[in-house]
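See structure below.
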Amino acid sequence: MSLLIKGGSVVDPVAGVVSEKDILVVDGKIAGSGVNLKKSGTRILDAAGKLVTPGLIDMHVHLREPGYEAKETIYTGTRAAARGGFTAVACMPNTRPVADNAAIITSIVNRAAADGVVRVYPVGAITSGSLGMEMAEMGDMKESGAVAFSDDGMPVMNPGLLRRAMQYARMLDTVIVSHCEDKKLADGGFMHEGYVSTILGLKGIPAAAEEVMVARDILLAEETGCRLHIAHVSTAGSVRLLREAKSRGVKVTAEAAPHHFTLTDQSVIGYDTSTKVNPPLRTAEDVAEIRKGLADGTIDVIATDHAPHTAEEKDVEYERAPFGMVGLETAVGLVWTELVASGVLTPVQAITKMTLNPARLLGIPGGTLEEGAVADITIIDPGLAWTVDPSHFASKGRNTPFAGHSLKGRPWMTIVGGRVVMRECSLIPF
Ligand SMILES: [Zn+2]
């Protein structure tokens, strides 16, 4: 089976350029690229006016399976990914049971092979049950396919234990993904602590709850030589700590989520529970610093922290609602509208943070359209204006604060291993 993608603007994160050329796909691999490529008997795909990029990778997704299938499954979550232009996702281990051993990692890999339409890379837990008491079997999990380790949502509060886990991670040449939140400082808060939380009478989570943990984890990474990745950076102070650490050569990387470079705590006014997320929406100054960090390379990756919940779970008082919002199906629109159209990032920078950087960090294929590479390709229509309508989501989760928002830029086609899985915003049934 072969496919010729003609006339698109090809974004190449490796060379750092955009060029008009055609891409030929044969048997699931990139077979060549160039101007005016021709091949008889090939299906032709007209990509004029569109961006052709390596398949997007979202390294921070909650697929909820096993255990929370009412929120999302590997079946629905990978379809949401395909609709959002992603050809691969890394899924977090806070399932039920927690993905803290090789058998569960293997079962996720197998289920993804059977039910999934995009590639799924499991993240294993750092500690058993993510309880922060004893280290999980990271080596066994890595053998079974875990690409990174994290106690996302349940940060390892014991620094001695995290230090040992980092020493072990370094030996395994894997990366620790850190959800930075000092639970004692967060102290059961519901939103960013500041002027708005005071007005609303909602208990706040101070910026320091994140920043002290970013500082701690950077120091431990520096001491152990472990590769550390800071998840969903939300505060200006975290960006500054990261910038300083990187300038000293600490092996630390970081990601930002679209909601953290787009929204502020002002969105919580009205008590819409879809704005309840952890870490919380912060202030305009934080948003500005995150954008600056994305632009100057302090923040390497854009990841969604896609966190689906049922309507029933979110349809309660703000205090009682679970943290999290869905993100897979709005990410490209938000990146293009908020970052690219406004000149914060060039198209190459944006695509690099959604392809090459997460691929390198996790040690997985992707980020390139070079000859011989696997044909994971995303085609984006950068000029397509659309309105977010959660009722069309492939995800089971409809918990987004962006419902009704007008965006410009949308994934137009998703190709996984040479197979078209999404075309013109619609999933291809098979
Ligand atoms: Zn998290």
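Lys408 NZ: 12 or fewer foreign heavy atoms inside a 6.0 Å radius. Shown here is Arg360, whose CZ atom has no more than 12 heavy atoms of other residues, nucleotides or ligands within 6.0 Å. The 12-atom threshold is not exceeded at OH of Tyr195, counting heavy atoms of other residues, nucleotides or ligands nearer than 6.0 Å.
Side-chain atoms of Arg282 and Thr235 form no donor-acceptor pair, as typed in the model, at a separation below 3.5 Å. In summary, the side chains of Ser178 and Asp217 do present a donor paired with an acceptor at a separation below 3.5 Å, with no hydrogens or angles considered. Side-chain N/O atoms of Asp151 and Thr127 include a donor and acceptor closer than 3.5 Å. A donor-acceptor pair shorter than 3.5 Å can be found between the side chains of Glu72 and Ser395.
Residue pairs meeting the side chain to side chain donor-acceptor pair (under 3.5 Å) criterion with at least one partner in residues 1-12, sequence neighbours excluded, are Ser2-Thr42, Lys6-Asp22, Ser9-Glu20. Within the structure, the ring pair (Phe, Tyr, Trp, His ring centres under 6.0 Å) test picks out no pair touching residues 363-393 (sequence neighbours left out). Residue pairs meeting the ring pair (Phe, Tyr, Trp, His ring centres under 6.0 Å) criterion with at least one member in residues 287-328, sequence neighbours excluded, do not occur.
Counting all heavy atoms, side chain and backbone alike, Leu241 lies closest to Glu211 at CD1-O, 3.5 Å. Nearest heavy-atom pair across Ile218 and Ala245 is CG2-CB, 3.6 Å. Looking at every heavy atom in both residues, Ile23 comes nearest to Ile30 through CG2-CD1, 4.1 Å. Summarising the geometry of Ala284 relative to Thr264, their closest heavy-atom pair is N-CG2, 3.7 Å, with the distance given to 0.1 Å. Across all non-hydrogen atoms, the minimal contact from Pro390 to Arg398 is O-CD, 2.8 Å. Heavy atoms only, all atoms of each residue included: Ala350 and Leu345 are closest at CA-CD1, 3.9 Å.
Of the possible polar contacts, one joining the Ser107 side chain to the Ile104 backbone as a donor-acceptor pair under 3.5 Å is found. Looking only at distances, a side-chain donor or acceptor of Lys314 sits under 3.5 Å from a matching main-chain atom of Lys276. In this structure, the side chain of Ser267 does not engage the main chain of Leu263 through any donor-acceptor pair within 3.5 Å. In this structure, the side chain of Asp381 engages the main chain of Gly383 through a donor-acceptor pair within 3.5 Å. Not a single donor-acceptor pair under 3.5 Å links the side chain of Arg410 to the backbone N or O of Leu407. Looking only at distances, a side-chain donor or acceptor of Gln349 sits under 3.5 Å from a matching main-chain atom of Thr346. In this structure, the side chain of Asn399 engages the main chain of Ala307 through a donor-acceptor pair within 3.5 Å. Remark: the backbone N or O of Tyr75 is paired with a side-chain donor or acceptor of Arg79 at under 3.5 angstrom. A donor-acceptor contact shorter than 3.5 Å is absent between the side chain of Glu313 and the backbone of Ala321. Side-chain N or O atoms of Thr95 include none that pairs as donor or acceptor with a backbone N or O of Arg64 at under 3.5 Å.
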Go through the steps for Asp182 and Met157 under the test side-chain contact (heavy atoms from CB on, under 4.5 Å), then give the verdict. CA-CA 7 Å; Asp182 186 308; Met157 289 300 297; 3.6 Å; yes

Begin with the C-alpha distance, continue with both residues' side-chain angles, and end with the deciding distance and a verdict on side-chain hydrogen bond (donor to acceptor under 3.5 Å, both in side chains) for Thr283 and Asp286. CA-CA 5 Å; Thr283 67; Asp286 296 304; 2.7 Å; yes

Does the salt bridge (charged side-chain N to carboxylate O under 4.0 Å, His left out) test come out yes or no for Lys71 and Glu69, once each step is laid out? CA-CA 5 Å; Lys71 298 174 192 278; Glu69 287 84 355; over 6 Å; no

Would Val52 and Val11 satisfy side-chain contact (heavy atoms from CB on, under 4.5 Å), going step by step from the backbone distance to the final call? CA-CA 6 Å; Val52 180; Val11 182; over 6 Å; no

Report the C-alpha distance between Thr73 and Thr76 in whole Å, list the side-chain angles of each, state the deciding distance to 0.1 Å, and finish with yes or no for side-chain contact (heavy atoms from CB on, under 4.5 Å). CA-CA 5 Å; Thr73 61; Thr76 57; 3.1 Å; yes

Should His62 and Asp152 be marked as a side-chain hydrogen bond (donor to acceptor under 3.5 Å, both in side chains) after you check the CA-CA gap, both sets of side-chain angles, and the distance that decides it? CA-CA 10 Å; His62 298 273; Asp152 187 38; 3.1 Å; yes

Full working for side-chain contact (heavy atoms from CB on, under 4.5 Å) between Phe261 and Val335: CA-CA 9 Å; Phe261 61 66; Val335 167; 3.9 Å; yes

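Remark: Lys29 does not engage Asp376 in a salt bridge, criterion side-chain N to carboxylate O under 4.0 Å. Salt bridge present: Glu65 and Arg111 bring a charged side-chain N and a carboxylate O closer than 4.0 Å. Taking a cutoff of 4.0 Å between a charged side-chain nitrogen and a carboxylate oxygen, Lys246 and Glu244 do not qualify as a salt bridge. Asp187 has a carboxylate O that lies under 4.0 Å from a charged side-chain N of Lys203, or vice versa, which qualifies the two as a salt bridge.
The residue from Val233, Asp296, Val214 that alone fulfils the side-chain contact (heavy atoms from CB on, under 4.5 Å) condition with Val239 is Val233.
Expressed to the nearest 0.5 Å, how far NE2 of His260 lies from CG of Leu294 amounts to 12.5 Å. One distance of note links CG of Asp300 with NE2 of His229; it measures 7.5 Å at 0.5 Å rounding. Here Glu255 contributes atom CD and Asp58 contributes atom CG; the two are 8.0 Å apart, rounded to the nearest 0.5 Å. With values rounded to the nearest 0.5 angstrom, Arg320 atom CZ is found 11.0 Å from Phe190 atom CZ. Rounding to the nearest 0.5 Å gives a distance of 10.5 Å between CD of Gln266 and NE2 of His192. Atom CZ in Arg83 sits 10.0 Å away from atom OG1 in Thr414 (nearest 0.5 Å).
Side-chain contact between Ile415 and Thr378: absent, with no pair of heavy atoms (C-beta onward) separated by less than 4.5 Å. Glu338 places a side-chain heavy atom less than 4.5 Å from the side chain of Arg291. The side-chain heavy atoms of Leu56 and Thr355, taken from C-beta on, include a pair separated by under 4.5 Å. Put simply, the side chain of Val10 does not reach to within 4.5 Å of the side chain of Val18, judged on heavy atoms. Ile379 has its side chain out of reach of Leu51: every pair of non-hydrogen atoms, C-beta onward, lies at least 4.5 Å apart.
Using the six-membered ring where Trp is involved, His232 and His60 have ring planes that are tilted, between 30° and 60° apart.
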